[in-house]
Amino acid sequence: MNHQDVVAQLVDIVTPMAEGRVANITADTGLTGELAFDSLKVMDLMLAVEDHFDISVPVNALADIRTVGELATLIETVAGKHA
Amino acid sequence: MRENPRLQAVRAVRQELATLGIDPFGTQIDEIITPTEGLIHGRRTILAGTNNYLGLTFDADTIGAAREALDHAGTGTTGSRMANGSYAGHRALETELAEYYGKRDGIVFSTGYQANLGMISALAGPGDTVMIDADSHASIYDGCKLSGADTIRFRHNDAADLGKRLRRLGDKAAGTLVVVEGVYSMLGDRAPLREFVDVAKQYGAVLMVDEAHSLGVLGAKGRGVAEEAGVLDEVDYIVGTFSKSLGNTGGFCVGDSADMDVLRYASRPYVFTASLPPATIAATRQALRKLAAADDLRQRLRENAERLHAGLAKLGFRLGAAPNAVVAVLAGEKLEALRFWDHLLKQGVYVNVMVPPATPSDESLLRCSVSAAHTPAQIDAICAAFASWPGARV
């Protein structure tokens, strides 16, 4: 699975949670910025992401994540460790 | 000096509350009249938001013990136990806590918050993983931060979800610290401890249970959800606080591990803070002696909790959990919840209001903590205040 695949799957997870705030979600879309996800929403997102990719992402790894693309990179890193 | 931009978000919330003329986070109780009554804004007010579960704050024996310690040992210890010495009472309390729980040893911390900080950061470090319930108290999250370990959340009260995450850890699952709470403070719901114990055992994980809101309240001798669920012997570490049912301040951990001997020396929140004053230790020891035999208080607390729960349910309110010492009313959107809280205060009832993201969902909560010291008439008055809310039952 390459980076674009991860981003595409992530967009599919994020879109129904975004409640139409952003019409076209891309790798550059900000999670806490444009999408205005608060900490509860980010937690729900991460639980869904973890189930989808069968990984566990440490809370402390999320501190520097701003965009969908950055989260995709983190998922790839964590999935690599699990493999 | 210019305002610190880091405080901008907090300042905005304070400004919003000031505009509304409602300040639930700065409530001042001008005078405490009884464990369940105080003077707020010049009005006699029923206190239903204080976590004084057994109503022991005015217990005559406890006050007597504190007074005697004050007279004989002075106001404070003026230092850390490691650097400046323990008083005999500190160690005696640790032994008594361990005996009460049937555990090998105990450690006393200066607050419940520090007990979680101190235990988690001593048991885990960089390169380790700590698994915590997603709805954990801030002290558990902060303990994880202080530890430097990777922190992984599992779904609230979901032992199968914990199992899934332990499985993903592979060989590293053995020895991983898992932290749950007996009763969750926001909604008052209990953890399925039997299930958590089974999953932790399956993977060789270490289980720590924070019984802050269940000590004194649940279990035949008041030893919390672990006692109620029959797993007291199978939980590795139990953490708790003196600031709720024991009516004082302070925290502790008890456990059977051989590490209990050295844990305190590896715990910065234990080492680098002042120890509890003699009066606090003496009063807590006295209150602890009462706890095991407080069947009558626990019975009264149960009856009060059931009365409040049934009364609010009958009024059409949605409640957070089954009857327990914490009865939480789901109160919808933030502004409405703040106005509801203010209405209750003006009716002479003080409860807690919790707003997202401090709540487990995007709903606000009006959280009542029930006391054994509440009279049935006070419980009915709390229900009547809720009934008088002109807004919608959300």
Side-chain angles (χ1 to χ4, degrees), chain A residues 1 5-6 9-10 12-22 25 30-68 70-83, chain B residues 9 13 120-121 124-136 138 140-158 160-173 176-179 186 203 334 354-365:
Chain A
M1 195 162 46
D5 290 336
V6 176
Q9 290 176 39
L10 199 47
D12 286 344
I13 296 170
V14 169
T15 301
M17 300 176 78
E19 295 162 357
R21 275 195 199 94
V22 175
I25 296 170
L31 291 165
T32 52
E34 291 154 272
L35 291 171
F37 280 12
D38 62 15
S39 56
L40 277 175
K41 200 92 172 187
V42 169
M43 186 169 79
D44 288 343
L45 168 65
M46 291 316 299
L47 290 170
V49 162
E50 289 174 330
D51 276 350
H52 181 84
F53 293 97
D54 194 27
I55 55 171
S56 298
V57 180
V59 180
N60 39 308
L62 294 173
D64 299 326
I65 303 300
R66 299 281 175 269
T67 65
V68 170
E70 287 170 5
L71 181 55
T73 303
L74 175 62
I75 290 167
E76 290 170 76
T77 307
V78 174
K81 280 184 194 167
H82 278 293
Chain B
V13 172
I120 296 170
S121 62
D128 297 331
T129 300
V130 183
M131 301 254 175
I132 65 171
D133 187 288
D135 286 2
S136 288
I140 294 171
Y141 276 96
D142 291 357
C144 291
K145 264 191 196 170
L146 187 63
S147 77
D150 280 346
T151 307
I152 290 174
R153 290 185 285 213
F154 53 89
R155 286 186 167 82
H156 176 54
N157 273 349
D158 190 336
D161 201 54
L162 167 66
K164 197 160 65 180
R165 283 164 167 71
L166 285 167
R167 172 186 53 78
R168 287 177 192 145
L169 276 186
D171 294 342
K172 282 182 70 186
T176 290
L177 178 64
V178 174
V179 187
M186 292 288 109
Y203 289 94
K334 184 175 82 172
M354 308 295 183
V355 298
T359 52
S361 71
D362 54 4
E363 270 201 86
S364 300
L365 298 172

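Naming: A, B, ... by sequence-line order, numbering from 1 per chain.
Note: B:R153 leads B:R153, B:R167, B:M131 in heavy-atom pairs under 4.5 Å with chain A. For the set B:T151, B:I132, B:I152, the entry with the most heavy-atom pairs within less than 4.5 Å of chain A is B:T151.
Contact annotation for B:T129: neither backbone nor side-chain heavy atoms come within less than 4.5 Å of a heavy atom of chain A. Heavy-atom distances place no part of B:K145 under 4.5 Å from chain A, backbone and side chain included.
Scored by the side-chain hydrogen bond (donor to acceptor under 3.5 Å, both in side chains) test, A:Q9 finds A:H52 as partners (sequence neighbours excluded).
Chain B is approached within less than 4.5 Å, heavy atom to heavy atom, by A:S39, A:L40, A:M43 from residues 34-45 of chain A, ordered by number.
A salt bridge is absent between B:R168 and A:E50: the closest approach of a Lys/Arg side-chain nitrogen to an acidic carboxylate oxygen does not fall below 4.0 angstrom.
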